[in-house]
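One structure is given here, and the rest of the page talks about it.
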There are 2 protein chains.
Amino acid sequence: MSESRQRDTRQRIVIATAELFRRQGYNGTSVKQVTAAAAAPFGSLYHFFPGGKEDLGDAVVRSSGQAYLELFEVIYDAADGPAAAISDFFDGAAEVLVETGYLDACPIGTVALEVASTNDRLRRATADVFDSWIAAAGTRLERAGVDAAAAHELALTLVAAVEGGFMLSRAAQSPEPMRAAGRSMRRLVEDALVLSPRRDRPVRSRAARAREAPQPVREGGDLRRSRQRP
Amino acid sequence: MSESRQRDTRQRIVIATAELFRRQGYNGTSVKQVTAAAAAPFGSLYHFFPGGKEDLGDAVVRSSGQAYLELFEVIYDAADGPAAAISDFFDGAAEVLVETGYLDACPIGTVALEVASTNDRLRRATADVFDSWIAAAGTRLERAGVDAAAAHELALTLVAAVEGGFMLSRAAQSPEPMRAAGRSMRRLVEDALVLSPRRDRPVRSRAARAREAPQPVREGGDLRRSRQRP
DNA sequence: GCTCTACTAGAGCGATCACTCTAGCGAGGG
DNA sequence: CCCTCGCTAGAGTGATCGCTCTAGTAGAGC
C-alpha cells in the first residue's frame with residue numbers, strides 16, 4: 001500500500017502543478033502554492049523531487065506533454081481523415097478555452113518561452129515534448145500519403161499554429177484565433193493530401209490504411225470549402 | 001534639456017526592460033535587474049512608472065508591440081508582393097534567432113502567456129498589440145485582393161504562426177520551425193490571392209495598388225513551388 | 001543668485017521566494 | 001511485538017522580491 005500512497009501524493013503534486021503552470025507559468029508558480037493546491041505536505045514535495053522546483057518542472061513538462069500527445073492521438077485517430085482530425089483538434093482546443101474561461105490552455109507553452117533562454121534542462125524538456133508532438137503529427141500525415149519532407153514541415157506548422165492560437169485566444173479572450181488557425185491548418189492539410197505524389201502508400205497494412213483514411217481520395221474541386229465558417 | 005534627459009532615462013529603462021522581457025519574461029525579470037541593465041537609478045524607475053512594475057510592463061508591451069508592427073510594415077512594404085513579404089518576414093525572424101543565439105525573440109509572446117490569466121491590465125495590453133498586428137496584416141491582404149473575412153482569418157493565422165514559430169525555434173534552438181512555418185504561410189497567402197474573387201480592388205488609388213502589388217496576378221499553375229526549400 | 005521642480009541616488013521595509021532540517025507517524029517484515 | 005523506513009509535517013533559513021522613503025543634485029525661470 002505504501003507504493004500506491006507514494007504514487008498518489010506524487011501524482012497529485014504533478015497534476016496540481018501542471019494546472020498551475022498552464023495558468024501562470026513556471027516563474028509565476030511558487031512551491032507553496034503547489035503544495036497547497038495538491039493538498040500535499042511541504043516536505044513531501046522535496047521527498048519526491050529532491051532537485052526542487054526544477055525537478056518538479058521537468059517531470060510536469062514531460063508528463064503533461066505525454067498526456068497532450070495522447071489526447072492528440074485519440075482525437076486524430078477517431079476522426080474522419082486527417083483534415084477532419086485537424087479541425088476537430090483545433091475546435092476542441094477552442095471549446096476548452098471557452099469553457100474554462102481561457103484558463104486551461106497548453107501546459108507547456110508558457111513554460112517553454114519562460115525557460116528557453118534561462119534554464120537549459122527545462123528548455124530541453126519542452127523541446128523533447130514538442131518533438132514528440134511533431135513526430136506524431138508527421139507520422140500520421142505520412143501515413144495519409146504526404147511525403148516525408150512535406151509532412152514534417154506541415155507538422156511543425158501545425159504545432160506552431162496550435163501554440164500561437166492558444167496565445168492569441170488567451171490574450172483576446174476569444175476562441176476566434178484558435179478557430180481561424182484551425183481552418184487555415186485544415187486547408188493546408190487538404191492541399192498537402194491533394195498534392196501528395198502517390199496515394200497508395202508503400203509498406204502499410206490494409207487495416208491501418210482503412211482506419212486512417214476512410215475517405216482517402218477527394219477531387220480538387222470541392223476540396224476547399226466555399227464558406228469560411230462551416 | 002531636462003525633457004531630453006527625462007526621455008533618455010525613461011527610454012533606456014523601456015528598452016532594457018523589453019530586452020529582458022524577451023529573454024526571461026515578466027515574472028522572470030526583477031526591477032533591480034531592470035535598473036542595472038538600463039544603468040538607471042533605482043528611484044528613477046518609480047519616478048517614471050509610479051505604478052511600479054505593472055506600469056513598466058504595460059509601457060514596454062505597447063512600445064515593443066508598436067516597434068514590431070513598424071518592422072513588419074517596413075518588411076512587407078519593401079517586399080515583392082504579399083507572398084514574398086511573408087517569406088521575408090519569417091526568414092528574417094529565423095535569421096535573427098540564429099544570430100542572437102535564440103535570445104531575441106518576440107518581445108510580447110512570453111509576457112502574453114504569463115499574464116493572460118493573472119493580470120488583466122497587461123493581458124489587455126498584449127491583446128491590443130496582437131490586434132494591431134492582425135489589423136496591419138489583414139489590411140494589406142485586403143489591399144492585395146483578398147476579401148475581408150478571408151484576410152482577417154489569414155492574418156490571425158499568420159500572427160499565430162509567428163508566435164508559435166518563435167516558441168518552437170527557441171525550444172529546439174533551431175531556425176527550422178520558424179522557416180517551416182514561413183513556407184507554410186507563404187503557401188496560404190498565395191492560395192488566398194489566387195482564390196480572391198476580384199483582383200480589381202474598389203476604392204484604392206492606382207499608386208497604392210502599384211506599390212503593394214507589383215506582381216498582382218499570377219496564374220495558378222506555377223503558384224505552388226515544387227521544392228520545399230527554395 | 002535664488003527658488004522650484006524634475007530627476008538622481010540608494011538604504012531599508014515587510015513579504016515572499018526556494019529550500020533545509022528535525023521530528024514523528026504508520027505500515028510491513030522480522 | 002518492535003524495528004525499520006517511506007512518507008508526512010511544518011517551523012525556520014538566508015536571499016530576493018516589489019516597493020517606499022528621505023536626501024541630495026542640477027538646470028530653467030524669475
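- Atoms CZ (R10(B)) and C1' (dC7(C)) sit 14 Å apart, rounded to a whole Å.
- Scored by the side chain to side chain donor-acceptor pair (under 3.5 Å) test, S63(A) finds no partners at all (sequence neighbours excluded).
- In this model, the phosphate group of dT8(D) is approached by a side-chain N or O of T9(A) to a distance below 4.0 Å at OP1 or OP2.
- A heavy atom lying under 4.0 Å from DNA chain D marks the following residues of residues 24-38 of chain A, by number: K32(A).
- Residues forming a side chain to side chain donor-acceptor pair (under 3.5 Å) with E19(B) (at least two apart in sequence, or on another chain): R23(B).
- G52(A) comes within contact range of the sugar-phosphate backbone alone, with a heavy-atom separation under 4.0 Å but no base atom that close.
- Rounded to a whole Å, the CD atom of Q11(B) is 14 Å from the P atom of dC7(C).
- Screening residues 155-177 of chain B for ring-ring contact (aromatic ring centres under 6.0 Å, His included) gives no qualifying pairs among residues at least two apart or on separate chains.
- Under the 4.5 Å side-chain criterion, counting only non-hydrogen atoms from C-beta, F21(B) is not in contact with T110(B).
- Look at D128(A) and R124(A) and you find no salt bridge, because none of the NZ, NE, NH1 or NH2 atoms lies under 4.0 Å from a carboxylate O.
- When rounded to the nearest whole Å, the span between NE2 of H47(A) and P of dC5(D) equals 13 Å.
- Pairs passing the salt bridge (Lys or Arg N to Asp or Glu O under 4.0 Å) check and including a residue from residues 86-103 of chain B, sequence neighbours excluded, read D91(B)-R179(B).
- Rounded to whole angstrom, the span from the CD1 atom of I13(B) across to the P atom of dC19(D) amounts to 14 Å.
- Here the P atom of nucleotide dA15(C) and the NZ atom of K53(B) are 19 Å apart, to the nearest Å.
- Sorted by first then second residue, the salt bridge (Lys or Arg N to Asp or Glu O under 4.0 Å) pairs that include residues 25-54 of chain A, not counting sequence neighbours, are E54(A)-R121(A).
- Comparing dT20(C), dC7(C), dG18(D) by their closest approach to the side chain of Y46(B) singles out dG18(D).
- Here the P atom of nucleotide dC19(C) and the CZ atom of F42(A) are 9 Å apart, to the nearest Å.
- Atom CG of D8(B) and atom C1' of dG27(D) are 15 Å apart (whole Å).
- Side-chain proximity of S44(A) to the nucleotides dT8(D), dC7(C), dA11(C) is greatest for dT8(D).
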